[in-house]
Amino acid sequence: MVCDKKDRSENKPSVSTKRTVESLEVEEPKPTDDELNVNGLIDESDSDDEDEDEDEFQSAEEGIVSSKFQDLDESVADGGSDSDADSDAEFNKLLAVDEGDEAELEYDSTDFSDDTSSLRDKLSGFKSKTILTDDSNVIETKFSDGKPRIIKPEINPVYDSDDTDGEAQNTIGNIPLSAYDEMPHIGYDINGKRIMRPAKGSALDALLDSIELPEGWTGLLDKNSGASLNLTDEELKFIAKIQNNEQTDDSINPYEPLVDWFTRHEEIMPVTAIPEPKRRFIPSTSEAKRIMKIVKAIREGRIIPPKKLKEMREKEDAENHNYDLWENSETTNDHIMNLRAPKLPPPTNEESYNPPEEYLLTPEEREEWEKLDPSERERSFIPQKFGSLRKVPGYTESVRERFERSLDLYLAPRVRKNKLNIDPESLIPELPSPKDLRPFPIRCSTVYQGHTGKIRALSIDPNGLWLATGSDDGTVRIWEILTGREVYKVTIIDISENKEDHIDAIEWNPEKSIGLLAVAAAENIYLIVPPIFGFEIENNSRLKVENGFGFDTFGNTKKANLNVNSDDEEDDSAGDSKTSAVNKQVAQWNKATQKQIENDIAIVITCRKIVKKLSWHRKGDYFVTVQPESGHTSVLIHQLSKHLTQSPFKKSKGIIMDTKFHPFKPQLFVCSQRYVRIYDLSQQVLVKKLLPGARWLSTIDIHPRGDNLIASSFDKRVLWHDLDLSSTPYKTLRYHEKAVRSVAFHKKLPLFCSAADDGTIHVFHATVYDDMMKNPLLVPLKKLTGHQLVNSLGVLNTVWHPREAWLFSSGADNTARLWTT
Amino acid sequence: MAEDKSQAKIKFFTRESDESLHVLDTPLFAPVSLKRYGLSEIVNHLLGLEKPIPFDFLVDGELLRTSLQEYLTKKGLSTETILNVEYTRAVLPPSYLNSFDNDDWVSALDVGGNKIVSGSYDGIVRTWNLSGKVEKQYSGHSGAVRAVKYVSNTRMVSGGNDRTLRLWKTKNDDVKNLDEFEDVENAHTLAILEGHKAPVVSIDVRGEKILSASYDNTIGIWSTNYKEMTAVDPVSDLGEKLSTASKKRRKLALKDGSIRRRAPLSLLESHKAPVEQAIFDSNDSTVGYSVSQDHMIKTWDLVTSRCVDTKTTSYSLLSIVEMPARRLLACGSSARHIILHDPRMDSSSKIIQKQLIGHNNFVVSLDTCPENEYMLCSGSHDGTVRVWDVRSDAPLYTITREDKSVQKGINDKVFAVKWAKDVGIISGGQDKKLQFNKGDNLFKK
């Protein structure tokens with residue numbers, strides 16, 4: 001408070017600045033709280049007086065404010081005046097607190113206990129200094145140019161001396177500091193003495209400063225003094241408070257007890273005791289007047305109440321109803337996938353009522369136009385020329401055109417197609433080039449011509465020299481494979497007598513030392529020894545067949561069979577004691593008649609039903625046949641050396657399509673219409689059942705290693721089964737356009753083929769790896785075309801050459817073909 | 001010459017023996033656009049011949065089939081270098097002469113002693129004179145004849161699907177009527193050579209030795225003199241183990257049991273598949289070559305009956321011929337080309353020297369040109385005979401079947417081709433014809 005008083009009395013223009021400093025330093029006087037209070041009481045009047053005396057130009061408002069809040073709080077009053085102060089000086093103070101201030105404050109505190117009298121002295125002295133210049137200490141001299149020069153005495157920097165401004169402000173006037181850049185000083189004081197440049201410190205110090213960043217560092221330089229402008233602790237605290245959204249003024253208590261002036265609770269004691277006036281209780285006549293006015297208007301119909309208005313509107317709508325054509329139409333949503341109907345192209349010159357001459361049709365063109373079907377016409381109208389617009393007749397086509405346009409829009413679906421930006425090439429798996437997988441059959445080298453019926457069966461002899469074919473013309477022919485020369489022909493079926501009978505299967509005995517051809521024709525199986533091999537081989541073959549007769553005739557076989565069957569280690573099937581009794585019924589081994597002997601037939605086995613498939617065991621002693629129509633005896637296993645036929649199954653497993661022996665294990669693959677079953681013949685159990693998933697299988701073939709199987713089906717599929725994997729196909733290949741008739745593995749090379757009714761043969765590369773983890777590699781190699789389609793039948797059978805990558809195929813076009821590399 | 005800017009420096013030379021055909025070996029400039037005909041004109045001009053002779057040109061031993069420009073770009077040569085161009089008399093096209101009708105497919109051909117010998121699928125060996133008359137028929141084979149070879153004026157040998165070879169005796173000046181042949185034919189069979197178990201498909205004769213290739217994977221060595229071979233008793237083998245039906249058949253088969261039967265001097269067993277052809281080396285009759293369907297070319301030492309060398313190719317080989325002057329073996333393959341192979345190459349080096357590509361089907365018959373060491377002809381199942389110069393990899397000429405009944409791809413297969421001096425190129429096949437094409441004096445006008 002002392003400071004306050006002092007400031008106001010001393011320097012009016014800087015009053016506000018002083019106050020701010022004061023307010024910041026409120027705490028400082030606190031240790032001497034008692035004194036302070038006393039002083040404040042004392043000073044109160046003084047300060048007021050001085051306000052009125054000297055600070056005439058102080059704003060009235062401040063006065064009001066201060067007077068108003070006098071009662072409440074002194075500090076608040078200070079704050080109020082503080083808010084008014086916005087002079088430059090104050091701003092400067094805020095930005096840079098000079099040492100001088102602190103020094104002043106220091107000595108403020110040191111001289112705190114000074115008498116008021118001395119203070120008054122000082123004040124009076126100051127007044128005299130500012131107002132009066134005739135001080136005794138002033139030395140009047142002359143400048144060199146003769147102008148009077150007054151040298152004033154040094155101001156004694158004692159308490160109350162007003163050197164704050166002098167210190168704070170450079171006295172060099174409005175000269176930029178840069179003018180003194182090269183000098184050690186920055187100007188002159190009032191006495192012409194140099195004001196030295198504040199110590200800058202070395203560059204290293206500056207660097208350290210910039211690194212350390214002392215508290216309150218602003219990086220600014222005082223424009224006037226050249227010293228760095230740093231913030232004082234007080235200012236920093238002040239700023240921190242602002243940043244924390246705290247009260248900057250400590251004198252305000254944010255947690256004052258709440259006085260609930262406007263409470264909802266009704267006070268028991270009313271504020272005033274005045275009774276309620278009467279007018280509160282009687283209806284207002286003026287209001288009644290206004291209401292009557294409205295009522296009158298309503299009655300007269302000048303105002304229609306909204307309810308009634310709505311009713312009226314509805315009624316009105318019902319009377320003149322407009323049908324909304326698009327009422328039920330779906331609103332077009334502005335979805336990104338929504339496509340607007342395309343706009344019609346704008347009319348061109350042709351559509352003009354007055355087109356240029358070259359657009360008009362010549363009579364020939366017109367005739368041509370008229371000849372064309374309306375749907376084929378390039379344009380739907382004939383360009384016509386009218387002299388003027390008024391001569392244009394009504395457009396007759398308008399309704400039809402609108403209709404067609406609507407029809408177009410309705411019928412043409414406008415769909416935004418989602419197109420995946422995938423390179424189709426990238427979806428194709430990496431397969432080796434067919435060029436690297438040679439050899440494989442590429443072209444037809446030989447055509448075997450001569451048959452007059454479609455060739456259902458063909459077989460190549462184990463040496464790869466003779467191709468045997470069985471045809472619907474009832475003959476079996478044997479061909480020289482390279483030249484295509486027919487070397488042998490025998491008629492098995494007289495087709496003039498038995499038109500329904502066909503040669504369905506034909507297969508050479510796999511043993512190389514004999515030449516024995518098994519032919520399945522209708523119910524009979526013929527074993528033929530064609531006379532093309534020379535005496536030795538033919539004799540061997542016949543002996544092999546005839547040895548069985550000895551066996552058969554010896555001891556009437558039945559009992560012997562029983563024993564032998566149980567002794568036989570490998571291929572004896574499920575036929576046990578009962579089946580041997582059935583044997584006689586399922587098949588009969590008959591000696592060839594004289595006529596048949598002339599036809600080189602060695603023996604005839606007569607079954608009960610038509611034999612469709614025939615397959616030799618690899619050792620050449622057994623062969624298995626399929627009679628699809630004969631129920632549980634569909635599959636028969638015939639033994640050449642004993643003239644014995646066994647039926648391995650007691651129950652029918654559906655219509656059997658094909659059966660084959662495993663390439664080296666004592667297993668039998670039985671293919672029904674839907675399933676492929678694998679039976680172990682030595683243990684007489686079902687090993688595995690494959691579910692190819694096709695509706696109607698046609699043939700199967702087994703990979704020479706025995707762990708893979710291909711099946712063809714009449715529903716255009718080829719199914720690759722890996723027997724080590726699941727019972728479903730490893731690969732289902734659909735590339736044939738019609739029923740697949742035949743599939744075959746090459747015995748030595750990694751090749752297989754499939755032939756179908758579309759007349760094509762597809763050749764595939766199929767590497768089966770030793771590594772169990774590696775899946776077989778299937779690569780399509782070649783599509784062989786050449787067989788003609790006859791009655792929608794194409795290629796009926798295929799067989800591979802035993803050594804070469806050569807393929808034999810037979811077709812419905814009465815030919816067989818050799819395809820070579 | 002002004003129309004083409006670039007010119008090549010050319011030096012002509014020739015190996016023709018005729019001195020009148022030699023030109024000075026001064027280099028001269030020729031436009032690179034020139035082809036054979038242009039170069040031929042230049043040479044004719046240089047020679048100053050009255051009647052122009054067509055020439056063929058070779059650069060670096062390769063027959064020039066394109067323009068010089070294309071040759072240079074193909075070889076990556078600049079026009080600055082001097083090209084040494086050899087010229088030879090051009091080969092005239094083998095024009096069609098005439099055809100002889102046969103009863104069945106013609107499977108084998110040979111020429112000797114002014115006669116043409118043909119083997120046919122009807123099992124009969126025929127000799128024709130040059131005017132197309134069948135002079136003699138030799139029947140005896142019970143199956144198709146697959147190979148015939150003229151041995152000498154009095155001997156002939158044939159092999160067939162009946163697994164035997166037959167040594168025939170011919171008389172040069174036989175003037176018997178055709179009617180009488182039926183009685184006397186079998187008398188001509190000197191001996192039946194038994195030993196093969198499968199069809200005999202090719203025969204070669206050198207001196208007194210016969211080499212036969214058979215589908216039973218063996219090669220038989222026989223002698224033209226039956227006395228050198230051991231006799232075979234037709235009924236000795238298998239005595240008791242005859243099946244009932246076979247006994248009768250055997251009797252039937254042995255109805256000509258009076259003819260002497262002979263066993264081979266040796267059977268060479270090393271091939272794993274049917275042997276397609278076996279030939280003698282032209283210089284050394286103790287060396288033989290054979291090709292087989294097992295992709296191999298084998299060299300045999302016939303004295304010790306051992307396989308000396310084996311070269312494996314990647315295709316079944318169906319025919320072989322030796323080109324003595326070039327020391328090359330030409331092998332026809334099932335893959336439609338002809339492989340040129342030097343038998344002297346050791347097994348480590350590349351087997352195939354060159355491939356002649358052009359046929360569309362099996363190459364089943366090869367023969368060399370009697371006049372030119374570089375030329376050969378090939379018969380193929382694609383119905384053509386092609387004439388090749390081994391210095392060029394495309395055929396020089398293609399001879400097609402002339403007969404009108406021939407349908408392409410159905411009955412046009414050529415089974416045998418023979419290029420004989422003074423006769424020409426004879427080819428026979430499925431069309432039951434012996435077709436003659438001009439094959440000699442191809443280098444004369």
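So you know, we letter chains A, B, ... as the sequences are listed, proteins then strands, and number each from 1. These numbers come from a predicted model, not from an experiment.
Counting heavy-atom pairs closer than 4.5 Å to chain B, the top-ranked of the candidates Val447(A), Ile442(A), Thr446(A), Leu482(A) is Leu482(A). Among Arg443(A), Lys544(A), Gln449(A), the residue with the largest count of heavy-atom pairs under 4.5 Å with chain B is Arg443(A). Heavy-atom pairs under 4.5 Å with chain A were tallied for Asp294(B), Asn411(B), Asp104(B); the largest tally goes to Asp104(B). When Arg336(B), His196(B), His381(B) are compared by the number of non-hydrogen pairs under 4.5 Å with chain A, Arg336(B) comes out ahead.
Expressed to the nearest 0.5 Å, how far OG of Ser314(B) lies from CZ of Arg438(A) amounts to 8.5 Å. Rounding to the nearest 0.5 Å places CZ of Arg163(B) at 9.0 Å from CZ of Phe533(A). Of the inter-residue distances, the one linking Asn463(A) atom CG with Asp216(B) atom CG reads 9.5 Å to the nearest 0.5 angstrom. Put simply, CG on Asn161(B) and CZ on Arg485(A) are 9.0 Å apart, with the number rounded to the nearest 0.5 Å.
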Practice item. Apply side chain to side chain contact (heavy atoms under 4.5 Å, CB included) to Ser445(A) and Asn361(B), showing your working. Key: CA-CA 6 Å; Ser445(A) 284; Asn361(B) 210 334; 3.1 Å; yes
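Contacts between Lys413(B) and chain A at a heavy-atom distance below 4.5 Å involve the side chain alone, from C-beta outward. Heavy-atom distances place no part of Ser541(A) under 4.5 Å from chain B, backbone and side chain included. For Asn360(B), the parts sitting under 4.5 Å from any heavy atom of chain A are the backbone and the side chain alike. In this structure, chain A has a heavy atom under 4.5 Å from the side chain of His295(B), while its backbone stays farther away. Heavy atoms of Ile532(A) lying under 4.5 Å from chain B belong exclusively to its backbone. Only the side chain of Val487(A) has a heavy atom closer than 4.5 Å to any heavy atom of chain B.
For the residue pair Tyr215(B)/Glu480(A), the side-chain donor-acceptor check at 3.5 Å is not satisfied.
Heavy atoms only, all atoms of each residue included: Tyr121(B) and Thr483(A) are closest at OH-CG2, 3.3 Å.
A 6.0 Å sphere centred on NZ of Lys197(B) holds no more than 12 heavy atoms belonging to other residues, nucleotides or ligands.
A heavy-atom distance below 4.5 Å is found between the side chains of Pro199(B) and Trp466(A).
Outside the 6.0 Å centre-distance limit, the rings of Tyr315(B) and Trp806(A) are not counted as a close aromatic pair.
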